[in-house]
There are 2 protein chains.
Amino acid sequence: MASKTIKDIARAANVSYSTVSRALNRKEGVGAATRERIFVIAKEFGYTPNAIAQGLVTQRTKTIGLVLPDVTNPFFPEVAAGVELAADELGLSVFLCNTNWDKEKEERYLRLLAQRRVDGIIVSLIADEPEELVRDAVGDTPVVYVNHAPLRTERPFVAIDEDRGSYMATRHLIDQGYDTVGFIGAEAGGITSIPRLHGYRRAIEDAGIQYDERYVGLPRAGESSGSDIIMRMISEGCCPRALFAQNDVTAFSVMQGAQACGLRVPEDLAVIGFDDIPTAGFEAVGLSTIRQPKRELGRLSVELLRRQIESSLPEEGDSNQILLEPELVIRRTSGAARPQEPRR
Amino acid sequence: MASKTIKDIARAANVSYSTVSRALNRKEGVGAATRERIFVIAKEFGYTPNAIAQGLVTQRTKTIGLVLPDVTNPFFPEVAAGVELAADELGLSVFLCNTNWDKEKEERYLRLLAQRRVDGIIVSLIADEPEELVRDAVGDTPVVYVNHAPLRTERPFVAIDEDRGSYMATRHLIDQGYDTVGFIGAEAGGITSIPRLHGYRRAIEDAGIQYDERYVGLPRAGESSGSDIIMRMISEGCCPRALFAQNDVTAFSVMQGAQACGLRVPEDLAVIGFDDIPTAGFEAVGLSTIRQPKRELGRLSVELLRRQIESSLPEEGDSNQILLEPELVIRRTSGAARPQEPRR
DNA sequence: ATGAAAGCGCTAACAA
DNA sequence: TTGTTAGCGCTTTCAT
């Protein structure tokens, strides 16, 4: 029952097993006849090369790991698709790991991939892990950060300018005429909440508006979504006229909560998100947002990883740390304020 | 630079390398002192066990493969989450592969996983592959089908009763008072389009309605989404009053297309989907649908795989072929028809 | 063109 | 308790 090996084939073909190896790998120096015979037997035996054994000797697994926090947020699958595509072109397969916003799981997966001796790892960290932690988990395995870069890392990364994007989003809301513009953090936004909140605050203060904590809704214990937060804000009587949500999924949730409380979007509450996940563009939704070049993020991270694998040098330096530009996408949910119609 | 091996540690600790192996694997028969020494050195060396080598000798990789057609459709990540959870409890890691509705890629991944000698594979096939094809790709590797079962397979599977669910969806629309109820297939619905169309047709005919092909929109060449199809139907003047979409993503797309043409949902066009992806439940959307127990699908498939791996017998039989019941979820988009308000 | 043999890093008998 | 040895299935010199 155990699958056939190269030796079984060798025996059946009456050659040494090194000849079989050569034939199967299409290497020079095998007689056409023998080669033919070997292929026939291999097919007949249903031979499947043992990649484990191959990897052991070649020290190359032709596999890369992709560690993502949440495949359930459509943003990540889009990035994954970009990675897949690019990896495919290089003949690499992708081992996708979902950490589910669990720090321990993240570490476990990084370690695991290193143990499996993948050729490299692309990871979207869930928090600002100290570099040594990552290093400890992956050892010498090449790593590229995607979607976010830990502070002062020397590793290659591809991300977008979160601060800038958040500034643009907030600014847009202000320009639309809203006097009170709030921020809502994601339940599991991990690392991105810091720069996004920061960009929000910058825009607020640049506009000469007083930064007001009451309009900043960060998830508290027991709150699991943007909907919970907006409902809290409403019940506390400090719901702003416009909101910048940390990401589109949160924005959706916020809108759901607001609508459940009888608020209309954007008439009573304007909303803008971040990411531009596919559903944001749906007619029925029309969520204004900051677009991230998701597939591109994926593609580029593979490219950076390839460089690192091939050179096998630590390969530091600017050109390997890419910051992409965000893009403002205006849709329905951030329609202009109507000052003639004061709230309530 | 190459990572340290067990031998390096042995040398440094002045013991044989089998002792190191024993110590590191927490096996009996190692002096507390030596054990201690070995651990210290291992840590110091940043030792990472080579899973490749381990797998080669133990013949067990503690890894399973999960092959999915489209992580971009929120249905699949939910199933994946279920698989992850269950696998985790068994100490297995999951190698997630996205075929992107590409048959060739699917075969490649199955083969690849088999070559990597994963302990087993859970796959959601994109079409009704003949059993031999799968067999040819995976060899003796245990396989469980999820989300769909190929006709007359003897392998274990977990799926829901698609035909039944589709019947329920269609029936619901009819009960709501719609006289014309259509069907829209998914752009890349793969295998599920057959039973879902079948269930639709059964319900139509059971209700004494004449099955009318004009109301059945299957994607044609060049059409990439439900939106394209509904727009074609509208332009051809044969848009029904209510629609059962093959899945929620398609339903979303259909609604987008309909609304772009000025139709209101559900006033002008009632819609019901299939899957109950998370966004379907959002207030702003309120998509009626047929719920699939997605996480459960994942959990159960892992359980079936575990059985198969442990027994290593082909393990056929009824109890390993699970058909779950679908559940009708009524929301906003399938509101009752208002006969007093004839169309147009 | 083919074979023999070494060895990738590890586990698991079997000895000592 | 520890060491020795034989592989796991494969690629890759080095001979022939």
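Here the structure is a predicted model, which means the values were calculated and not measured. Below, read A as the first sequence line, B as the second, and so on, with proteins coming before strands; counting in each chain starts at 1.
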(request) Any side chain to side chain donor-acceptor pair (under 3.5 Å) involving residues 34-46 of chain B? Give me the pairs, sequence neighbours left out, ordered by first then second residue. (result) none
(request) Write down the distance between CD1 (B:Ile9) and P (C:dT11), rounded to a whole number of angstrom. (result) 11 Å
(message) Within the structure provided, determine whether A:Val302 and A:Leu90 are in side-chain contact (heavy-atom separation under 4.5 Å).
(response) yes
(request) Check A:Val118, A:Thr63, A:Val138, A:Val123 against A:Leu113 for a side-chain contact (heavy atoms from CB on, under 4.5 Å) and give me the one that passes. (result) A:Val118
(request) State, yes or no, whether a side-chain contact exists between B:Ser319 and B:Arg307 at a heavy-atom distance under 4.5 Å. (result) yes
(request) Using the test side-chain contact (heavy atoms from CB on, under 4.5 Å), find all partners of A:Pro142 that sit at least two apart in sequence or belong to another chain. (result) A:Leu305, A:Gln308, A:Ile309
(request) List for me each residue that meets side-chain contact (heavy atoms from CB on, under 4.5 Å) alongside A:Asp102, sequence neighbours excluded, and say none if there are none. (result) A:Glu104, A:Lys105
(message) How bent is the helix from C:dA1-D:dT16 to C:dA16-D:dT1, measuring the angle between the end axes built from five pairs each, rounded to 10°?
(response) 40°
(request) Enumerate the residues from residues 29-42 of chain A whose closest heavy atom to DNA chain D is under 4.0 Å, giving them by residue number; use none for an empty result. (result) none
(message) Are B:Tyr145 and B:Val134 packed together at the side-chain level, in the sense that at least one heavy-atom pair is separated by less than 4.5 angstrom?
(response) yes
(request) Name every residue in residues 47-59 of chain B that has at least one heavy atom under 4.0 Å from any atom of DNA chain D, in order of residue number, or write none if there are no such residues. (result) B:Leu56, B:Val57, B:Gln59
(message) Between A:Cys97 and B:Ser93, is there a side-chain heavy-atom distance shorter than 4.5 Å?
(response) no
(message) Does anything in residues 108-115 of chain A come within less than 4.0 Å of DNA chain D? Heavy atoms only, and list the residues if so.
(response) none
(request) Name the nucleic acid region contacted by A:Thr5, choosing base, sugar-phosphate or nothing; use a 4.0 angstrom heavy-atom cut-off, strictly under. (result) sugar-phosphate
(message) So, using side-chain contact (heavy atoms from CB on, under 4.5 Å) as the criterion, who are the partners of A:Arg117 when residues are at least two apart?
(response) A:Thr61, B:Ser3, B:Thr48, B:Asn50, B:Ile52
(message) Using whole Å, what does the distance between atom P of nucleotide C:dT11 and atom NZ of B:Lys7 come to?
(response) 13 Å
(request) Tell me whether the OP1 or OP2 atom of C:dG3 has a side-chain N or O from A:Ser16 closer than 4.0 Å. (result) yes
(message) I need the CZ-C1' distance between A:Arg116 and C:dC10, as an integer number of Å.
(response) 14 Å
(message) Both B:Glu28 and A:Asn25 contact DNA chain D. Which one's nearest nucleotide lies toward the 5' end?
(response) B:Glu28
(request) In whole angstrom, give the distance that lies between atom CG of B:Asn14 and atom P of D:dT2. (result) 12 Å
Report each atom pair, protein N/O against N/O of nucleotides 14-16 of chain D, whose distance is under 3.5 angstrom.
none

(message) Less than 4.0 angstrom between a side-chain N/O of A:Ser21 and OP1 or OP2 of D:dC10, yes or no?
(response) no
(message) Which residues pass the ring pair (Phe, Tyr, Trp, His ring centres under 6.0 Å) test with A:Phe95, not counting sequence neighbours?
(response) B:Phe95
(request) State which of C:dG3, D:dT12, D:dC10 makes the closest approach to the side chain of A:Ile6. (result) D:dC10
(request) Give a yes/no on whether any side-chain N or O of A:Lys27 is located under 4.0 angstrom from OP1 or OP2 of D:dT12. (result) yes
(message) Please report the distance, rounded to the nearest Å, between NZ in A:Lys4 and P in D:dC8.
(response) 15 Å
(request) Name all residues meeting the salt bridge (charged side-chain N to carboxylate O under 4.0 Å, His left out) criterion together with A:Arg22; count only those two or more places apart in sequence or in a different chain, and write none if there are none. (result) none
(request) Confirm from the modelled atom types if B:Ser18 and D:dT5 form a donor-acceptor pair under 3.5 Å, side chain to base only. (result) no
(message) Testing the basics here: between B:Leu68 and B:Ala80, what is the closest heavy-atom pair and its distance to 0.1 Å?
(response) CD2-CB, 4.1 Å
(message) Can you confirm whether B:Ile122 sits close enough to B:Val67 that some side-chain heavy atom of one is under 4.5 Å from a side-chain heavy atom of the other?
(response) no
(message) Test of understanding: with side-chain contact (heavy atoms from CB on, under 4.5 Å), list the residues that count as partners of B:Thr72, not counting sequence neighbours.
(response) A:Pro77, A:Glu78, B:Asp70
(request) Could you state the atom-to-atom distance from CZ of B:Arg117 to P of D:dG9 in whole Å? (result) 9 Å
(message) To the closest 0.5 Å, what do you measure between CZ (B:Phe45) and CD1 (B:Ile6)?
(response) 13.0 Å
(request) Check the side chains of A:Glu131 and A:Thr153 for a donor-acceptor pair under 3.5 angstrom, ignoring hydrogens and angles. (result) yes
(message) Just by distance, no angles: are the side chains of B:Ser16 and B:Thr19 close enough, under 3.5 Å, to form a donor-acceptor pair?
(response) yes
(request) Figure out the CG/C1' separation between A:Asp8 and D:dG9, and round it to whole Å. (result) 10 Å
